[in-house]
There are 2 protein chains.
Amino acid sequence: MSTDVDPSVVFRRYLSAMVIHSLASAEAAGLNPTDYFALNLLDLAGSLTSGELARRTGLTTGATTRLIDRLEKGGHVRRVLDPADRRKVIVEMVAAPDHVDRAVAGARRRLGAVIGGYDREEQATLFDYFTKAAVAYQESTDELLAQREA
Amino acid sequence: MSTDVDPSVVFRRYLSAMVIHSLASAEAAGLNPTDYFALNLLDLAGSLTSGELARRTGLTTGATTRLIDRLEKGGHVRRVLDPADRRKVIVEMVAAPDHVDRAVAGARRRLGAVIGGYDREEQATLFDYFTKAAVAYQESTDELLAQREA
DNA sequence: AGTTTTACCTGCATCAGTGCAGATAAATAC
DNA sequence: GTATTTATCTGCACTGATGCAGGTAAAACT
């Protein structure tokens, strides 16, 4: 079995499998990649204004308006007026619609089982990694964003 | 600081950050999401026939031909004739073009630093997780695929 | 050998997401 | 209080990815 213990290969497979599943589940949930991307931005940030969303997606403000329209129509977000600046539109996530839950249910179940198979100490290591890796990804993304703007 | 130790929140953030970075780096590398998705399928499988690629992406064979055209033109894959069945076209990945490397360089560096910060035993735990999680994602993806076909 | 099926490719039409330019409304500067 | 800037929205046109129908070539079946 598994003669393949090269760490970089293991890691690449893991990444690819994750990416594939992400996009496949997005599609299963009826989301196009842009909308899925935006939803992840919102999930991470909590909420964003229309303009911030435009900046981070790289879309024009016009295209972003339509993006928000689609997400709102699909029940993923809602528009909230900023009380402090009434020109602004704050985009807030709402609870994920059923069809999204269904699309990711299988992965959630299986991953839960995998993680549940580790002892307390190992789980602590994993979650420490998740936390640090998230930061690493965010910094890397910001770097790409800065390059795009330059 | 971090009053937030809820594991599911940590994990969601990690996932979102990863997804965002994936899509952002794909875009930085000049890849549309579909092409990026296909490239990940190929990375995971090693190589696929045109038909298999069509099935897994959910595209028609016609659209898949154009997809392969784009990937070939971008220097990401090459077409190889199957010696056993000359109707078939095997799509093989070639070394990633420079612009892709550049797009993911920041993340690779940062993640390398994160992983390098763990001791040998912790790293073993992480890689064990990567291996098992990859399987979990693949199974979940196959499940979604089966549902789509049903 | 002839027929059917399989695998991929090509021409044409469509459509969804997008950019762009201009409109509106609110905040800020003068 | 008027002018300027900022934030979002709308109308219109475009483009590129996609589906569909038909075409070619090879394999499999009879």
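Just so we're on the same page: letters track the sequence lines, and every chain starts at 1. From a predicted model like this one, the values you see are computed outputs, not experimental measurements.
For the pair A:Ala63 and A:Asp85, nearest-nucleotide mapping onto DNA chain C gives the more 5' position to A:Ala63. Between B:Gly58 and A:Arg79, the residue whose closest nucleotide on DNA chain D is further toward the 5' end is A:Arg79. Nearer to the 5' terminus of DNA chain C, by closest-nucleotide assignment, is the contact made by A:Leu59 (compared with the other of A:Ala84 and A:Leu59).
Using a 4.0 Å heavy-atom distance criterion, B:Ser50 is classed as a sugar-phosphate-only contact. Contacts of A:Gly51 with the nucleic acid, taken as non-hydrogen atoms under 4.0 Å apart, involve only primed sugar atoms and P, OP1 or OP2.
Rounded to whole Å, the distance from CZ on A:Arg86 to C1' on C:dA25 is 9 Å. Taking atom CZ of A:Arg70 as the reference point, atom P of C:dC15 lies 17 Å away to the nearest angstrom. If you take CG of A:Leu81 and P of C:dA26, they are 10 Å apart, rounded to a whole angstrom. As a whole-Å value, the separation of B:Leu53 CG from C:dA7 P is 14 Å. Between B:Arg55 atom CZ and C:dT6 atom P the separation is 15 Å, expressed in whole Å. Between the C1' atom of C:dT6 and the CG atom of B:Asp82 lies a distance of 13 Å, rounded to the nearest Å. Across the protein-nucleic acid pair, A:Lys73 atom NZ and C:dG17 atom C1' stand 14 Å apart, rounded to whole Å. As a whole-Å value, the separation of B:Arg66 CZ from C:dA13 P is 14 Å.
Atoms CG and CG, from B:Leu39 and B:Leu44 in turn, are 12.0 Å apart once rounded to the nearest 0.5 Å. Of the inter-residue distances, the one linking A:Arg79 atom CZ with A:Glu72 atom CD reads 4.5 Å to the nearest 0.5 angstrom.
Proximity note for B:Arg87 (side chain, C-beta onward) versus C:dT5, C:dG19, C:dA26: the nearest is C:dT5.
Of the residues in residues 20-37 of chain B, those lying under 4.0 Å from DNA chain D by heavy-atom distance are B:Asn32, B:Thr34.
Side chain of A:Thr64 to backbone of A:Leu67: no donor-acceptor contact under 3.5 angstrom is found. Remark: side-chain polar atoms of B:Gln138 are not paired, donor with acceptor, to backbone N or O of A:Ala17 under 3.5 angstrom.
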Item to complete: Using the side-chain contact (heavy atoms from CB on, under 4.5 Å) rule, take A:Thr57 and A:Leu41 through it: C-alpha gap first, then chi angles, then the decisive distance, then the call.
Response: CA-CA 9 Å; A:Thr57 54; A:Leu41 286 171; 3.8 Å; yes
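With a 6.0 Å radius and a threshold of 12 heavy atoms from other residues, nucleotides or ligands, B:Arg70 has its CZ atom above the threshold. Applying the 6.0 Å contact sphere to CZ of B:Arg55 captures more than 12 heavy atoms from other residues, nucleotides or ligands. Counting non-hydrogen atoms of other residues, nucleotides and ligands closer than 6.0 Å to CD of B:Glu92 gives a total above 12.
When DNA chain D is scanned in the 5' to 3' direction for atoms under 4.0 Å from non-hydrogen atoms of chain A, the outermost contacting nucleotides are D:dT6 to D:dC12.
If you look at A:Tyr137 and A:Phe130, their ring centroids are not closer than 6.0 Å.
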